[in-house]
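To keep things clear, I will list the structure first and then write my remarks on it.
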Number of protein chains: 2
Amino acid sequence: MKIQAFDVSKAASATSIVFDALRKAIITGDLAEGEHLRQDEIARAFNVSRIPVREALLKLEQHGLVRNQRYKGAVVSGLSLEEAEEIFEFRALLEPEVIRRAVPRMTQAVLDEARACCDAFARDTDPMRWGDHNRRLHATLYAASGLSYHLEVLHKTLDRIEPYLRAQLLLSDGIARANREHKGIVDACAAQDAERAAALTRAHILGARDSLRHSWSG
Amino acid sequence: MKIQAFDVSKAASATSIVFDALRKAIITGDLAEGEHLRQDEIARAFNVSRIPVREALLKLEQHGLVRNQRYKGAVVSGLSLEEAEEIFEFRALLEPEVIRRAVPRMTQAVLDEARACCDAFARDTDPMRWGDHNRRLHATLYAASGLSYHLEVLHKTLDRIEPYLRAQLLLSDGIARANREHKGIVDACAAQDAERAAALTRAHILGARDSLRHSWSG
DNA sequence: TGATCAGATATTGGATACAATATGCATTTT
DNA sequence: AAAATGCATATTGTATCCAATATCTGATCA
């Protein structure tokens, strides 16, 4: 067989297409907190029936991105300051441990990839993409841990506060500070200093929490 | 109004009935790992159409209790030893932190309730209920933390390894050891010694992990 | 004027019907 | 006989339809 084949069962179902699109719209903030999502409106927009839309909304609810109320529908869920802070503290517990266990397993390829992320982050002038670079950098470093459950939980956690992360980066010194701290973390990883990487990661996250608290408006 | 009213919107939908029943069947082991779940069959059993069954299966997948493969259906997902160990290590990270922050906020009522759980646990001779007592004890202590996101994640995590927890308790010294360790943790809480409670909790969980490793068969 | 109630409309939950895909078996082919 | 092929059956994915519930509007009444 010369043809370029791939597993068709991994092709997107209507449900997963709708889910991915809504998820992205929510974490980028295109769909604002509190917004009401009507099933048949979405169904018309995607040219599908309401069934896949409902299933997508259910998945979004499990991810904490919407709240479904019976016979009333789905609304994009926001976070109170207290809830957002708690999630930052959850990250401050989880991520240092993940990176601590990832450092001994990092290959040169991982470190190169991480530095490439840092550079791309620093060079990109489009704030819309900062969140993506940020996410990819952390994902690259953490993946080396091989801790699939930790990573699964972490991924969902980051989805839930992504809009607030983006807001952080848009603060006056947000982007500069993030670049500085990321460089420090990657350096610690390259030096095989797991404890320092963990400590810097924790400080990075708690710093973001404090910054969030000070800039809190909504 | 003298009548005992309650929020009808919290009444069980067909989806939630099916979900709860399947969830319970899986975590108690009534549905064994690898078992194939057919939508039709379940729908007939509950006298509903396949729609609520599908939605229940979707929720179960988000909880990690089944795996859905397109056009092939859902199978009850099991864990490899490595995956189970990782989840125990995740708990060993999360639960000590939760109890550390719960201790300063525990009222006498919480401690009384916890001791009642311990007693019920120790007295109950039906192994089928041990898992429930265990769960209720931890839930009681942890709830005082007020950390809703941590608790939400923890709840899902416990669902995922519940069958292995039950297996632990059935080991020769499993129940005696659990009772001993639980008493130590509750005592530390009563003494307002958050650090000791955290350390004991961590040891409790890592001990269970080690015990699991030694008794691993499947 | 303001609250209350009945009906109309909008929206979601669930059932039935149909389409797409997988699986197993018999048949054919070499 | 072993492998490949085509058909029949089983199962899931999605669309359409109906029922249950919420929400809105306007009329009625104190």
Side-chain angles (χ1 to χ4, degrees), chain A residues 1-3 5-23 25-26 31-77, chain B residues 1 3 5-23 25-26 31-32 34-77:
Chain A
M1 288 204 308
K2 302 279 186 197
I3 61 176
F6 71 93
D7 187 344
V8 171
S9 78
K10 291 198 174 62
S13 64
T15 295
S16 69
I17 289 172
V18 174
F19 171 78
D20 289 341
L22 290 180
R23 169 180 170 274
I26 292 173
L31 286 171
E33 147 184 359
E35 196 150 344
H36 209 105
L37 302 178
R38 299 230 179 60
Q39 296 176 0
D40 65 3
E41 185 179 337
I42 298 168
R44 268 198 308 274
F46 286 87
N47 235 352
V48 296
S49 79
R50 279 170 44 225
I51 299 290
V53 173
R54 284 175 47 178
E55 296 187 345
L57 290 173
L58 255 178
K59 282 179 76 171
L60 289 168
E61 179 173 50
Q62 304 305 311
H63 285 249
L65 296 179
V66 308
R67 267 188 33 232
N68 268 313
Q69 244 190 324
R70 198 167 186 212
Y71 294 117
K72 293 196 179 175
V75 296
V76 178
S77 54
Chain B
M1 289 204 307
I3 60 177
F6 71 94
D7 187 345
V8 171
S9 77
K10 290 200 175 60
S13 63
T15 296
S16 70
I17 289 174
V18 174
F19 171 78
D20 289 341
L22 291 180
R23 169 181 170 275
I26 293 173
L31 286 172
E35 195 150 345
H36 208 102
L37 302 178
R38 297 223 183 61
Q39 298 177 0
D40 238 353
E41 189 178 334
I42 298 169
R44 269 198 307 275
F46 285 88
N47 239 346
V48 297
S49 78
R50 279 168 46 226
I51 299 291
V53 174
R54 288 174 57 83
E55 297 185 344
L57 290 174
L58 256 177
K59 283 178 76 171
L60 289 169
E61 179 173 49
Q62 303 306 312
H63 283 248
L65 297 178
V66 308
R67 266 187 33 232
N68 270 314
Q69 242 189 325
R70 201 169 181 209
Y71 293 117
K72 292 197 179 172
V75 296
V76 178
S77 53

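Note that the structure is predicted; figures quoted are calculated from it, not measured. Just the heavy atoms: all of them, side chains too, but no hydrogens, waters or symmetry mates, feed the values below.
Side-chain N/O atoms of B:Q69 include none lying less than 4.0 angstrom from OP1 or OP2 on C:dA22. For C:dG14, the OP1/OP2 oxygens have a side-chain nitrogen or oxygen of B:T15 closer than 4.0 Å. Using a 4.0 Å cut-off, some side-chain N or O of A:S49 falls inside it from OP1 or OP2 of D:dA15.
Counting to the nearest Å, the C1' atom of D:dT14 and the CG atom of B:L58 are 13 Å from each other. Between the C1' atom of C:dT12 and the CD atom of A:E41 lies a distance of 14 Å, rounded to the nearest Å. Following rounding to the nearest Å, A:R38 (CZ) and D:dA22 (C1') show an atom-to-atom distance of 12 Å. Protein atom CD of B:E55 is 7 Å distant from nucleotide atom P of C:dG14, rounded to whole Å. The CZ atom of B:F46 sits 13 Å away from the P atom of C:dA15 (whole-angstrom rounding). The separation between B:I51 atom CD1 and D:dA15 atom P is 11 Å, rounded to whole Å. If you take CG of A:N68 and P of C:dT12, they are 10 Å apart, rounded to a whole angstrom. Straight-line distance from the CZ atom of A:R44 to the C1' atom of C:dT11: 12 Å, rounded to whole Å.
When each of D:dA20, D:dT12, C:dG14 is scored by its nearest atom to the side-chain atoms of A:Y71, the top-ranked nucleotide is D:dA20. Distance from the side chain of A:Q39 is smallest for C:dT12 among the nucleotides D:dT14, C:dA15, C:dT12.
Applying the side chain to side chain donor-acceptor pair (under 3.5 Å) test to residues at least two apart or on different chains, the pairs with a partner in residues 41-55 of chain B are A:R54-B:E55, A:E55-B:R54, B:T15-B:E55, B:Q39-B:R50.
Remark: side-chain polar atoms of A:H63 are not paired, donor with acceptor, to backbone N or O of B:Q62 under 3.5 angstrom.
Base engagement by A:R54 is indicated by at least one non-hydrogen atom pair under 4.0 Å involving a base atom. Nucleic acid contact class of A:L37 (heavy atoms, under 4.0 Å, all strands): sugar-phosphate only.
Take the nearest nucleotide of DNA chain D for B:G73 and for A:N47: the residue whose nucleotide is more 5' is B:G73. The nearest heavy atom of DNA chain D to B:D40 and to A:P52 marks one nucleotide each, and the one closer to the 5' end goes with B:D40.
By the 4.5 Å heavy-atom criterion applied to side chains, A:L65 and A:L22 are not counted as neighbours.
In the interface, the side chain of B:R50 is paired with the base of D:dG13 through a donor and an acceptor atom under 3.5 Å apart.
Rounding to the nearest 0.5 angstrom, the gap separating the CG atom in B:L58 from the CG atom in A:L57 is 11.5 Å.
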